[in-house]
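Atoms considered below: every heavy atom in the structure, side chains included; atoms not considered: hydrogens, waters and symmetry mates. One is the number of the first residue; the rest follow in order along the sequence.
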Amino acid sequence: MRDVCKLASFFESLKRSVQITTLSQREISRHNLQIGSLARAGNITAARMLFDRMPNRDVVSWNAMITAHWQNNNLPESKKLFSSMPERNIVSWNTMIAGCLNNCLVDEAFAYFLEMPKRNVASWNVMISGFVKFDRMNEAEKLFDEMPERNVISYTAMLDGLARNGKIDCARKLFDTMAGRNLVSWAAMISGYVENGRFEEARFLFHQMPEKNLVVITAMITGYCKEGKVEAARSLFDGISHKDIVSWNAMIAGYSHNGYGEEALKLHILMMEVGMRPDHATIIALLTACSALSLLQRGRQSHAISIKTRLESDISLCNALMTMYSRCGSIGDSELVFQTMQTRDVVSWNTIIAAFAQHGLYQKVMAFFLDMEADKFIPNGVTFLSLLSACGHSGKANESLHWFNLMVSRYEITPMPEHYGCLVDILCRARMWDEACKHVQEMPFEAKSTVWGSLLGACHMYRNLKLGEVAAEKLLQLDPKCSGAYVMLSNIYAAVGMWQQVTRVREKMNRCGSKKQPGYSWTEISDKVHIFLAEDSSHPDIGRIQFELKCIGLHMRNSTAEIDVSDCIYQ
């Protein structure tokens with residue numbers, strides 16, 4: 001009887017112990033969830049206080065706190081906690097690898113990976129993804145080959161990396177060997193084709209895709225826009241039932257980059273009407289459209305939106321703002337944006353230098369160039385192209401030769417066709433024909449149409465028949481339907497009275513089917529762009545426009561007559 005009582009007492013004690021343990025574990029789990037929730041809200045101080053007050057912690061508690069610290073930009077504290085952990089599991093190690101990669105410390109992440117006593121597929125995947133992200137493809141491929149076991153994430157990470165590094169055929173081989181493709185795999189492969197300029201293959205794969213998601217449809221919108229097929233892109237866009245900001249941006253940017261700036265602005269209005277909040281990519285696309293159309297007021301509105309949505313500190317957006325203000329003629333606003341930037345990159349310096357170069361303000365360009373070097377930024381080929389452009393706009397031929405030679409000798413920058421084209425144009429305009437021809441002959445590659453076009457344009461301006469004939473011949477070899485070459489050569493012949501040659505050039509132009517594109521101008525009135533072509537009467541208000549033009553002409557004639565009468569009186 002006594003033994004039975006002891007046994008009953010033992011089981012009762014064991015039951016209470018299990019209940020206490022269960023309650024304790026529930027409490028730990030609840031605290032772990034709270035730590036994660038506080039960390040995601042950015043309240044890292046409260047999360048750490050809760051962690052420190054916990055009477056009992058499990059490995060999940062430690063992992064949650066380690067993740068919380070590096071997600072809130074405190075990797076050193078994550079490292080301290082990791083070092084003091086009583087026990088670690090695979091998730092602990094994977095968390096530290098992810099934290100290092102998040103802070104761009106690839107080598108430290110790999111050191112943790114190598115130190116792991118045991119790894120799972122996620123360990124290999126996170127490290128491979130890290131190598132891919134930082135363009136260390138040789139290491140990524142080596143790790144992929146060593147993997148004891150792979151899953152769809154492993155394959156997708158690798159094919160994405162291969163595609164982004166131009167190895168699109170290798171990516172396709174990997175894609176074809178995948179056993180279980182998912183939507184992300186298809187999207188990565190199709191996006192890879194689009195980014196590598198192989199749109200037809202992307203389109204073929206898109207039609208084969210069993211189920212299409214928003215990511216892959218957006219990639220195809222981008223692909224169609226790159227091919228100049230904006231109507232097909234818009235058709236795809238309109239078929240999306242639930243659009244996200246990325247799809248809106250793809251379509252708006254597609255319009256902007258294909259010269260449909262007004263359509264881009266209209267689509268943005270529609271986007272705002274459905275309540276979609278713009279991001280920095282949206283604003284940059286709008287600024288591109290405003291730059292192309294010289295719509296200063298719309299550009300200012302886009303700037304105001306960026307301030308309202310607290311995006312004005314984004315470097316890429318500030319660079320786009322400087323370009324927009326410059327191309328719209330408001331160079332002072334370009335400089336103001338530059339001066340108020342909190343951080344700058346080499347593109348920022350190149351943008352402000354290009355802005356002043358475009359306006360022919362040579363001394364300001366030189367001042368910014370010196371400031372750029374003083375700020376420890378190294379000039380690149382784009383910088384020197386702007387310097388040459390500034391020389392061209394201000395007619396400084398000797399200075400252009402100085403900067404060109406300095407670019408090669410001191411900065412060891414290999415001149416590109418654009419540099420030669422700009423220099424040749426400057427020298428020709430200064431009538432330094434021998435120097436221009438010398439640089440054309442010294443080019444390490446075949447002269448492009450821009451170089452011969454610059455040469456022909458100067459010959460047209462200064463009636464240099466002999467050199468003009470050579471430039472026109474070279475230009476037409478590269479582009480047999482270049483209407484500008486025919487017109488300029490014809491005008492050179494006409495200027496020197498060689499009318500038979502004028503007729504011959506015009507006949508040749510007609511035979512090859514080359515037509516001169518009509519020039520046009522545009523103006524913005526009440527947020528609407530009005531385009532006018534030569535001898536075009538399709539504008540809906542053409543009657544009123546012609547009436548006003550006649551009135552202006554009449555006023556001009558009357559004013560001239562009054563001036564003539566006044567001159568007679570005073571004489």
Side-chain angles (χ1 to χ4, degrees), residues 73 102-104 133-135 164 191 194-195 215 218-219 221-222 225-226 244-261 264-265 267-268 271-272 276-296 298-328 330-358 368-369 371-372 375-386 389:
N73 305 313
N102 187 67
N103 285 269
C104 307
K133 180 182 177 182
F134 293 97
D135 292 325
R164 286 201 283 117
S191 298
V194 169
E195 294 303 318
V215 175
T218 303
I221 289 170
T222 302
C225 290
K226 281 187 173 182
D244 63 1
I245 187 62
V246 182
S247 54
W248 282 98
N249 288 346
M251 196 63 243
I252 292 171
Y255 275 134
S256 294
H257 295 141
N258 281 281
Y260 296 92
L265 298 173
L267 193 60
H268 172 247
M271 172 182 156
M272 299 290 279
M276 184 65 68
R277 183 186 175 91
D279 64 5
H280 72 282
T282 320
I283 308 298
I284 289 171
L286 294 175
L287 293 171
T288 303
C290 294
S291 298
L293 295 170
S294 300
L295 303 180
L296 180 58
R298 290 299 294 269
R300 289 192 195 281
Q301 289 172 15
S302 299
H303 190 176
I305 292 170
S306 73
I307 295 170
K308 187 178 179 180
T309 51
R310 299 182 180 179
L311 297 168
E312 76 276 14
S313 61
D314 182 85
I315 295 177
S316 298
L317 194 147
C318 289
N319 296 341
L321 277 169
M322 286 189 283
T323 300
M324 182 276 296
Y325 279 124
S326 169
R327 290 185 179 173
C328 291
S330 187
I331 189 66
D333 285 320
S334 289
E335 186 172 12
L336 184 62
V337 171
F338 180 80
Q339 299 295 358
T340 54
M341 286 179 73
Q342 296 174 356
T343 54
R344 301 174 184 133
D345 58 10
V346 69
V347 178
S348 310
W349 285 99
N350 285 344
T351 303
I352 193 65
I353 289 171
F356 280 100
Q358 182 189 3
F368 275 111
F369 178 76
D371 288 345
M372 178 184 184
D375 218 9
K376 308 299 181 188
F377 282 92
I378 300 172
N380 57 21
V382 177
T383 317
F384 281 96
L385 191 60
S386 294
S389 175

Practice task
Determine, step by step, whether Ile283 and Ile305 satisfy the side chain to side chain contact (heavy atoms under 4.5 Å, CB included) criterion, reporting the C-alpha distance in whole Å, the side-chain angles of both residues, the deciding distance to 0.1 Å, and the verdict.
Solution key: CA-CA 8 Å; Ile283 308 298; Ile305 292 170; 3.7 Å; yes
Could you check whether any side-chain N or O of [X] sits under 3.5 Å from a backbone N or O of [Y], counting only pairs where one atom can act as donor and the other as acceptor?
| X | Y | value |
| --- | --- | --- |
| Ser389 | Leu385 | no |
| Ser256 | Ala285 | yes |
| Asp314 | Ser316 | yes |
| Asn319 | Thr351 | no |
| Asn258 | Gly254 | yes |
| Ser326 | Met322 | no |

Problem - Derivation of the side chain to side chain contact (heavy atoms under 4.5 Å, CB included) call for Val337 and His303 - result: CA-CA 10 Å; Val337 171; His303 190 176; 4.2 Å; yes
For residues [X] and [Y], determine if any side-chain heavy atom of one lies less than 4.5 Å from a side-chain heavy atom of the other.
| X | Y | answer |
| --- | --- | --- |
| Met272 | Pro278 | yes |
| Met341 | Ile315 | yes |
| Ile252 | Thr282 | yes |
| Val346 | Met372 | yes |
| Thr309 | His280 | no |

Handout entry: Met251 vs Cys225, side chain to side chain contact (heavy atoms under 4.5 Å, CB included): CA-CA, chis, key distance, verdict
Key = CA-CA 8 Å; Met251 196 63 243; Cys225 290; 4.2 Å; yes
Handout entry: CA sep, side-chain torsions, deciding dist, call: Ser330, Arg300, side chain to side chain contact (heavy atoms under 4.5 Å, CB included)
Key = CA-CA 11 Å; Ser330 187; Arg300 289 192 195 281; 3.9 Å; yes
Problem - By ring pair (Phe, Tyr, Trp, His ring centres under 6.0 Å) - contacts of Tyr260 (at least two apart) - result: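 For Tyr260, no residue satisfies ring pair (Phe, Tyr, Trp, His ring centres under 6.0 Å) once neighbours in sequence are set aside.
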Handout entry: Contacts of type ring pair (Phe, Tyr, Trp, His ring centres under 6.0 Å), residue Tyr255, not counting sequence neighbours
Key =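 Not a single residue meets the ring pair (Phe, Tyr, Trp, His ring centres under 6.0 Å) criterion with Tyr255.
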To check you understand the geometry: which heavy-atom pair defines the closest contact between [X] and [Y], and what is its length?
| X | Y | answer |
| --- | --- | --- |
| Ala357 | Ser386 | CB-O, 3.3 Å |
| Ser247 | Thr218 | CB-OG1, 3.5 Å |
| Met324 | Cys290 | CG-CB, 4.0 Å |
| Cys104 | Phe134 | CA-CZ, 3.6 Å |

Taking atom [atom1] of [X] and atom [atom2] of [Y], what is their separation to the nearest 0.5 Å?
| X | Y | atom1 | atom2 | value |
| --- | --- | --- | --- | --- |
| Glu335 | Ile352 | CD | CD1 | 6.0 Å |
| His268 | Met276 | NE2 | CE | 11.5 Å |
| Cys318 | Asp345 | SG | CG | 10.0 Å |
| Cys328 | Asp333 | SG | CG | 10.0 Å |
| Leu311 | Asp279 | CG | CG | 7.0 Å |
| Phe377 | Asp371 | CZ | CG | 12.0 Å |

Exercise for the section: Assert yes or no for the condition that the ring centre distance of Phe338 to Trp349 is strictly below 6.0 Å. Expected result: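 Yes, close enough.
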Is it the case that atom [atom1] in [X] sees more than 12 heavy atoms from other parts of the structure closer than 6.0 Å?
| X | atom1 | value |
| --- | --- | --- |
| Gln342 | CD | no |
| Arg164 | CZ | yes |
| Ile378 | CD1 | no |

Practice task
Name all residues meeting the side-chain hydrogen bond (donor to acceptor under 3.5 Å, both in side chains) criterion together with Thr383; count only those two or more places apart in sequence or in a different chain, and write none if there are none.
Solution key: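 So Thr383 forms a side-chain hydrogen bond (donor to acceptor under 3.5 Å, both in side chains) with Asn350, Asn380.
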